[in-house]
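Below is one structure, written out as structure tokens; the observations come after it.
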Amino acid sequence: ESQDSQDSQDSEDLEEAGNVEVNFEEIPAYAHLPPLDPWRKVRRELIKAVNLSRQEEAVGLETVYIDWLATEGCHDYTKLVLEDEEDEDQLLKMLSDSKAVGEMKVCTALTLLEEDVSEPKHLVEPFLDAHGLLMELNREMILDEGNTHVGIGLGVRDMRLCLVYAFSSKKVEVTAIQKAEACIEVKGEVTASEFGVYVGRLVDSSMKEIAIVGPSEMSYEPDSKEFTIKIPTNTEIEYDDEGYGKNFLEVYIRANPDTIPYGKSSDSKVSIKHVELAERRRLEHYPDPRHQYEEAKLEERKALLEEQKRNYEEDLKKKEEEEAAKRQETREQQRRELMEQEKLRKVENEVPQSANTSHRQKDSSVEQQPSAPKSPEQESQQQSDDSLKSESEEEEVFYGNQKQDLIDSILQNQEIQRSLKQENQEMEKRIVAIRKNLGNIQDKSSEDSMTMHKYLNTLANVHQVKQKMNELTETYENWAQVYQENIKEKQERCNEIQQYLKDFKKEVAKQAEYSRTGKPIPQRVVDSWEESESQRESELQQVRINNITLKSKLVKLENEGKTKEELAEGLHLIDYEQLKIEKQTLNDKIEERNEELHKLRKKIETTVQMLTHTKEKLKFITAEKKVLKERRDKKAKKLETGRNQLNTLKKRLETIRADLQKHRQETGIVNSNQLDSDLAKRKKYVEDLKETLISYEKQFTQMQETIASAKALE
């Protein structure tokens, strides 16, 4: 128990070590940096989990790095998922809007929290569980050997947790971005050996170029594949209101790195037309010095905890060694006592054993006289073997009795333990019932205090009994181990004697001769005798084991018979008809349960059909919802366009009204009634003139026609 408590305490200490909090606002060196990301520690543990999963599942996979622009898109997508529903197309669109480079493979996990947690530092374990879910569902994607970067989106809302991964394959990893004197210094590593860095460029949020450099401002190490880019610029590393860098860094690569003139000046203009964009990221201080400070504090804290744990384990090991030495000493003492008892028993049984041994030797000699006479050496050897066998049999009987006593005592103690445990449970139930009945009583009487006193005394007695039982169990275990060791030694000795006997028989058989012919016994006959003897011994051993098993079964059955006889004395008064009635009642209950089971099965079938129908309806509604959503988006775009046009027309109308008002103010006689009447008269006069003109034109046309007809007559 102390070890388990220490382990739990160590895990809590390590968790606290992972949550090292530092107030960087009080440190002047970090005052110019933006606020820290609250999800940084969770994201750090997740990227460790991703790489650990890749290393455990497959050998030789490359390390995966964080894609920070893809992380921004994934983080925005988690908000959408927690508010509405999953939409992979929308996620890919958000990743594209975040200006992340490369083709993305995405996966999403939605889980429920056991409790409402608002602080990200307490969400490491739930997010690691979500990572395990993604490992089960998208194992091939996560373990893809082509993955080099991953965007990690994290979100929590209303007991719901969302984790998004966006994997991509890139040929460049930027490891450091720092502001140096009159330049931006970038360090990184090329992950594809057939490519080399060719262009470094700074752009703003609208992708307008700020500065660009070529191989002349770069250095490259082919062995380590590391590069350094120095971009001459007076632009500082700036951050927006959300804590992101305002500008972007772009790194372009080209094939055949051996032909790229790194560090050599050139008059040719640097262009990005025939090169490949390998990496784009925000222009920020990387790695963040505050992260390095936190990791250093974390490592220091972990080292301290590991040292404390090591010291505790050493102390615990010393205590265990001392206890083991004490137990060994106790066992040795018990073994010495057992050997003394055994010597006393041998001395007591020495006289009858010698008499029985001599009697058996005489009988065996009388029986074997007609077959063949034995030499004195053979008789002495036979006597020693018989005495050893008798000793081994007596020892086995003695150890068997001791073992049976130990087993009986252990079973008795276990029975006592069960009875005490049952009594304790009954007492606890009674206490719960008393507390329920006396829950509304505020003042305790003297009787209640006396009951509590009795309860505490009972608990103390139970604890004392348990402690005694544990001590007794340990003592019996020690005795059992001593007996087991002695049995093992005797068994080895018995095996040695048996082997010696076999060898002796073999030697006697080799030297034996037929009395009539004087020829020795053939080897094959001796081998057949040995084989038949070994078979008989194995059969005898198996029969002995079966005999022991049957004896134990017989004892068990006899005990059960006695128990049943005792029960039968109380059951003989029960009428047979009463048993039939109970049987009929039970049969009726069984039929009722079968009918209920049949009804439940019907309900399950109906529920399954309804569920299937509901799922189909849900799919149809989801598709219809998607269509309606597209229509809504189109109408929203159309409405937005109409609103923009309306705003433009309103602005024009306001401009015309302002001009009209201005002209009215400049010309004061515009609204004169005399001018209006004069204008109307002039309009009427102009119309009359137009009508007169039209009539004159008609007369002129008629006159021309008349003249033309006259000329034609002439």
Side-chain angles (χ1 to χ4, degrees), residues 73 76-77 79-80 83-85 87 89-99 201-212 238 240-242 246-248 250 269 271-273 277 620-714:
D76 294 338
Y77 177 68
K79 300 176 183 177
L80 176 65
E83 290 177 357
D84 191 2
E85 61 181 8
D87 189 350
D89 296 335
Q90 187 68 23
L91 172 57
L92 295 175
K93 184 177 181 301
M94 287 184 173
L95 291 172
S96 177
D97 294 340
S98 67
K99 302 180 178 64
R201 192 168 78 134
L202 297 181
V203 295
D204 57 13
S205 58
S206 62
M207 298 292 110
K208 184 179 179 182
E209 186 178 296
I210 299 175
I212 186 171
E238 300 177 350
D240 56 15
D241 297 335
E242 297 181 359
K246 290 184 177 180
N247 301 321
F248 293 85
E250 293 181 346
K269 186 178 179 181
S271 175
I272 60 172
K273 288 184 178 180
L277 176 60
F620 174 75
I621 291 173
T622 305
E624 189 176 2
K625 180 184 176 182
K626 189 174 182 180
V627 174
L628 292 175
K629 189 176 180 181
E630 292 176 355
R631 291 181 183 176
R632 185 196 65 184
D633 294 339
K634 290 180 181 179
K635 289 183 178 180
K637 290 181 181 178
K638 190 174 181 181
L639 179 62
E640 186 67 24
T641 305
R643 285 178 179 174
N644 294 333
Q645 292 178 357
L646 181 61
N647 291 331
T648 305
L649 293 174
K650 284 183 178 179
K651 289 180 181 179
R652 289 180 61 189
L653 180 61
E654 291 295 330
T655 305
I656 293 171
R657 284 179 178 175
D659 293 340
L660 179 61
Q661 186 67 26
K662 182 178 178 182
H663 290 320
R664 283 180 178 178
Q665 291 177 358
E666 290 178 354
T667 57
I669 61 173
V670 171
N671 297 325
S672 175
N673 293 328
Q674 293 179 358
L675 289 175
D676 290 340
S677 61
D678 184 63
L679 180 62
K681 289 179 181 179
R682 288 183 178 277
K683 281 183 178 180
K684 187 176 180 182
Y685 178 71
V686 170
E687 289 176 356
D688 293 340
L689 289 176
K690 285 182 178 179
E691 290 177 355
T692 306
L693 179 61
I694 291 169
S695 63
Y696 284 160
E697 286 178 351
K698 288 180 179 179
Q699 289 178 6
F700 179 71
T701 303
Q702 290 177 359
M703 290 176 69
Q704 282 184 345
E705 290 177 353
T706 305
I707 293 170
S709 61
K711 287 182 178 181
L713 291 174
E714 291 178 358

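Predicted model only: the values in this text are computed from it and were never measured. All residue numbers in this chain count up from 1 along the given sequence.
Every residue two or more places apart in sequence or in another chain was checked for a side chain to side chain donor-acceptor pair (under 3.5 Å) with D87, and none qualifies.
Counting all heavy atoms, side chain and backbone alike, K99 lies closest to F248 at CD-CZ, 4.0 Å. Here the closest non-hydrogen pair linking K246 and D240 is CG-N, 3.9 Å. Here the shortest heavy-atom pairing between D204 and K208 reads OD1-N, 2.7 Å.
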Derivation of the side chain to side chain contact (heavy atoms under 4.5 Å, CB included) call for E250 and M207: CA-CA 10 Å; E250 293 181 346; M207 298 292 110; 3.8 Å; yes
Criterion side chain to side chain contact (heavy atoms under 4.5 Å, CB included) on L653 and R657, from CA distance to verdict: CA-CA 6 Å; L653 180 61; R657 284 179 178 175; 3.6 Å; yes
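Rounding to the nearest 0.5 Å places NZ of K650 at 11.0 Å from OG1 of T648. Expressed to the nearest 0.5 Å, how far OG1 of T706 lies from CE of M703 amounts to 8.0 Å. If you take CG on L628 and CG on D633, they are separated by 11.0 Å, rounding to the nearest 0.5 Å. Rounded to the nearest 0.5 Å, atoms CG (L639) and CG (N644) are 9.5 Å apart. Expressed to the nearest 0.5 Å, how far NZ of K638 lies from OG1 of T641 amounts to 9.5 Å.
Applying the side-chain hydrogen bond (donor to acceptor under 3.5 Å, both in side chains) test to residues at least two apart or on different chains, the pairs with a partner in residues 681-699 are D678-R682.
Using a 4.5 Å cut-off on side-chain heavy atoms (C-beta onward), D76 and K79 make contact. Under the 4.5 Å side-chain criterion, counting only non-hydrogen atoms from C-beta, L649 is in contact with R652.
Taking the charged nitrogens against the carboxylate oxygens, D97 and K93 do have a contact shorter than 4.0 Å, which makes a salt bridge.
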